[in-house]
Amino acid sequence: MADETGGEKKDVEPSHPIPCSIINTKQIFCIILIAHGTLLFPERNLFPIELVLQAPLMGRQLEYMDCFRSLSSKNLQKTKDSLIGGLIGCGHSQQPEPCESTNQGFVPRKPNNTVHSKTTPFMPKPRSRGVSAGVSEKAFLTVSDDDGGDAYPWNSVEMGWQRTAYHFQPEKNWMNGRQQTSLLGPLFHERWYHLFYQQNPDSAVWGNITWGHAVSADLVHWLYLPLAMQPDSWFDWNGVWTGSATLLPDGQIVILYTGDTDDHVQVQNLAYPANLSDPLLLDWVKYAGNPVMTPPKFIALKDFRDPTTAWLGPDGLWRVAFGSKINKTGIALVYTTTNFTTFELLDGFLHEVPTTGMWECVDFYPISTLGYEGLDTSANGPGIKHVLKASFDDDRHDYYAIGTYDLFNNTWTPDDPEEDVGFKLRVDYGKYYASKTFYDQNKGRRILWGWIGETDSEAADLQQGWASVQSIPRIVIYDNKTGTNIIQWPIVEIECLRLNSTEFEDVELEPGSVVELDIGKSTQLDIVAEFKIESEALEATLEADVSYNCSGSSGSAQRGSLGPFGLQVLANENLTEQTPFYFYIAKASEGTYTSFFCSDQTRYASC
């Protein structure tokens, strides 16, 4: 039937009869599947709260680990015996459908809206450690010293509503750090995806950085495990920082990570599993000869961090890269090794870009130009390009470029020098930093993660008891149409969270118009939208907004010949509050186009 917008509205049946997520009914059950049977733990009665695209988000959201969090240690001990074969999820009192996936997850899917509900125990508000201990990037924001200085006038249950449903985050407290990525050495081992992340187990601000650990069978539903590593040795006394995992041909797993020593020197350390036969990799051993690398003489003691995953060359040498700087020139260094205990620094730099400042969280990986499959990190040769990504400490953005890697000369050259790292392409144009990829040998794909630091204050973080989330995992492929950039798309497993969908077709957007879409009740939306512009409009425009960029514009209120157009979410009825996600097209006089995908938070809904 036709809706009020003139578009055709269709009700689409869910792709999974028993979704991996929650069915929004009066009675909710949390399901833990373990080797010894199925345990059901009913939650309290929950209720759906209305949300349409034009209403502020005030609904409850289900955090998939809430079920696990609600169990005491005596009900479900954190041991490998009780966790082997475990899958955590919420839904009917039946086993959830497994989340299916292929390496074709970049294919756009139909729009869906998902309903979730949740409650979360409220954690007592801790105090900030203060700047002297090294706090988060939010440290400049005021933290009240009196109990009446809470950031939000909400009770503990209302604060619990704010936890995410789709994105991974720890059970509580801070994730990530002010100088390093929170994602550490993701890997697939014995049917489990392992996620290691930096966490402060004591507070919702930066400090006492340890390695948290979680596992998943599908990259969607996660099970928290005990801490993997803590700062308990002189070579990591002030923090167990960024690291990367490397899978060796004989099945061994090694992790190189940055430790902040008792003298605040950044060094590189080696760790490995205590028992490879343990599918959960619960115990880790720090190499007795740590550190295995110290800063070279031409690098400052606090500018040597974030080892990449190692790659193997035809000469039998493993190589690992680091980011750093010399004055204001960002650089990538490469070391070689045969045993991961002794390393040699190669002459020269893998790459350097003047004026870009400190490079951290460098990522370096191959990408196929001939197909959509992912490549092992050691792949090289015909039909392969290499992506070099660096997180810029000066502006807190992730930049990348595509180029050619010469292993024997230890150089990477961008395909277009004008689009070198930091000059044009960013991995993401939102609140997104310190991203990292890993090769998923289980399904032959490369998966990208990133840290979302959020934009609320440190005072709010302390009140709610957590800070930061991980992005939705995305697959990465080469864009064969442009030959200049990568394409990212959420992993297909995310679709198992969808309950139903509403489809709108042939909706016409006139210049300056706002069209309301009635999607019913929901507290979580997964939106896929396609926009088509009439070719006559493009051709008739001689030149438009050549100097446009997302961060330097006036947001969605800035009108041009070819933009903005997109979606307004979290909007109230009169649109005084809204969060637009929109496209903007610029056209140069010679006829070339540049597309921007932006978000405008100047009029966001403050629930």
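Just so it is clear, the structure is predicted and the values come from calculations on it, not from any experiment.
- Shown here for Pro564 and Tyr582, the closest heavy-atom pair between the two residues is CB-CD1, 3.4 Å.
- A distance-only check finds no donor-acceptor pair linking the side chain of Asp461 to the backbone of Ala467 [under 3.5 Å].
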side-chain contact (heavy atoms from CB on, under 4.5 Å) between Tyr432 and Trp451, worked out: CA-CA 6 Å; Tyr432 187 92; Trp451 170 53; over 6 Å; no

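- The side-chain heavy atoms of Ile367 and Val476, taken from C-beta on, include a pair separated by under 4.5 Å.
- Taking each heavy atom of Cys598 and Phe596 in turn, the nearest pair found is SG-CB, 3.9 Å.
- The distance from the CG atom of Asp600 to the OG1 atom of Thr579 is 8.0 Å, given to the nearest 0.5 Å.
- The shortest distance between side-chain heavy atoms of Gln470 and Thr164 does not fall below 4.5 Å.
- With rounding to the nearest 0.5 angstrom, the CD1 atom of Ile472 is 10.5 Å from the CG atom of Leu219.
- Summarising the geometry of Glu539 relative to Lys587, their closest heavy-atom pair is O-NZ, 3.9 Å, with the distance given to 0.1 Å.
- Within the 3.5 Å criterion, the main-chain N or O of Glu577 finds a donor-acceptor partner in the side chain of Asn572.
- You'll find the side chain of Glu360 reaches within 4.5 Å of the side chain of Tyr433, heavy atoms only.
- Side chain of Asn173 to main chain of Pro201: a donor-acceptor pair is present (N/O by atom type, distance under 3.5 Å, no hydrogens or angles).
- The two atoms that bring Val514 and Gln568 nearest to each other are CG1-OE1, 3.4 Å, heavy atoms only.
- Rounding to the nearest 0.5 Å gives a distance of 9.0 Å between CD of Gln169 and OG of Ser468.
- Distance check: Asn485 CG to Leu425 CG gives 6.0 Å after rounding to the nearest 0.5 Å.
- When all heavy atoms of Leu462 and Ser203 are compared, the pair lying nearest together is CD2-OG, 3.8 Å.
- Scanning for side-chain contact (heavy atoms from CB on, under 4.5 Å) contacts around Ser595 gives Ile585, with sequence neighbours left out.
- The line from CG of Asp218 to CG of Leu497 is 8.5 Å long, rounded to the nearest 0.5 Å.
- Ring-plane geometry between Trp222 and Trp449 is classed as perpendicular, the angle between the planes exceeding 60 degrees on a 0 to 90 degree scale with a lower cut at 30.
- No side-chain heavy atom of Tyr429 sits less than 4.5 Å from a side-chain heavy atom of Phe597.
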Check against side-chain contact (heavy atoms from CB on, under 4.5 Å), Thr484 and Ile402: CA-CA 7 Å; Thr484 61; Ile402 297 176; over 6 Å; no

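- Within the 3.5 Å criterion, the main-chain N or O of Glu171 finds a donor-acceptor partner in the side chain of Arg163.
- The heavy-atom pair separating Arg498 from Val528 by the smallest distance is NH2-CG2, 4.3 Å.
- In this structure, the side chain of Asp440 does not engage the main chain of Arg445 through any donor-acceptor pair within 3.5 Å.
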Ile533/Phe565 under side-chain contact (heavy atoms from CB on, under 4.5 Å): CA gap, chis, key distance, verdict: CA-CA 10 Å; Ile533 303 176; Phe565 56 92; 3.6 Å; yes

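- There is no side-chain donor-acceptor pair under 3.5 Å between Tyr400 and Asp363.
- Here the side chains of Glu543 and Ser561 are not in contact, with every heavy-atom distance at 4.5 Å or above.
- Between Arg446 and Ile486 the shortest side-chain heavy-atom distance does not fall below 4.5 Å.
- Remark: side-chain polar atoms of Gln488 are paired, donor with acceptor, to backbone N or O of Val427 under 3.5 angstrom.
- With rounding to the nearest 0.5 angstrom, the CZ atom of Phe168 is 5.0 Å from the OH atom of Tyr224.
- Within the 4.5 Å cutoff, no side-chain heavy atoms of Ile527 are placed close to those of Phe581.
- With hydrogens and angles ignored, the 3.5 Å screen pairs a side-chain donor or acceptor of Asp398 with a backbone N or O of Ser435.
- Checked by atom type, the side-chain pair Tyr548/Ser553 shows a donor-acceptor distance below 3.5 Å.
- With contacts defined as side-chain heavy-atom distances shorter than 4.5 Å, the pair Phe504/Ile519 qualifies.
- In this structure, the side chain of Tyr197 does not engage the main chain of Ala214 through any donor-acceptor pair within 3.5 Å.
- Judged by distance alone, the side chain of Lys389 and the main-chain N or O of Cys361 form a donor-acceptor pair under 3.5 Å.
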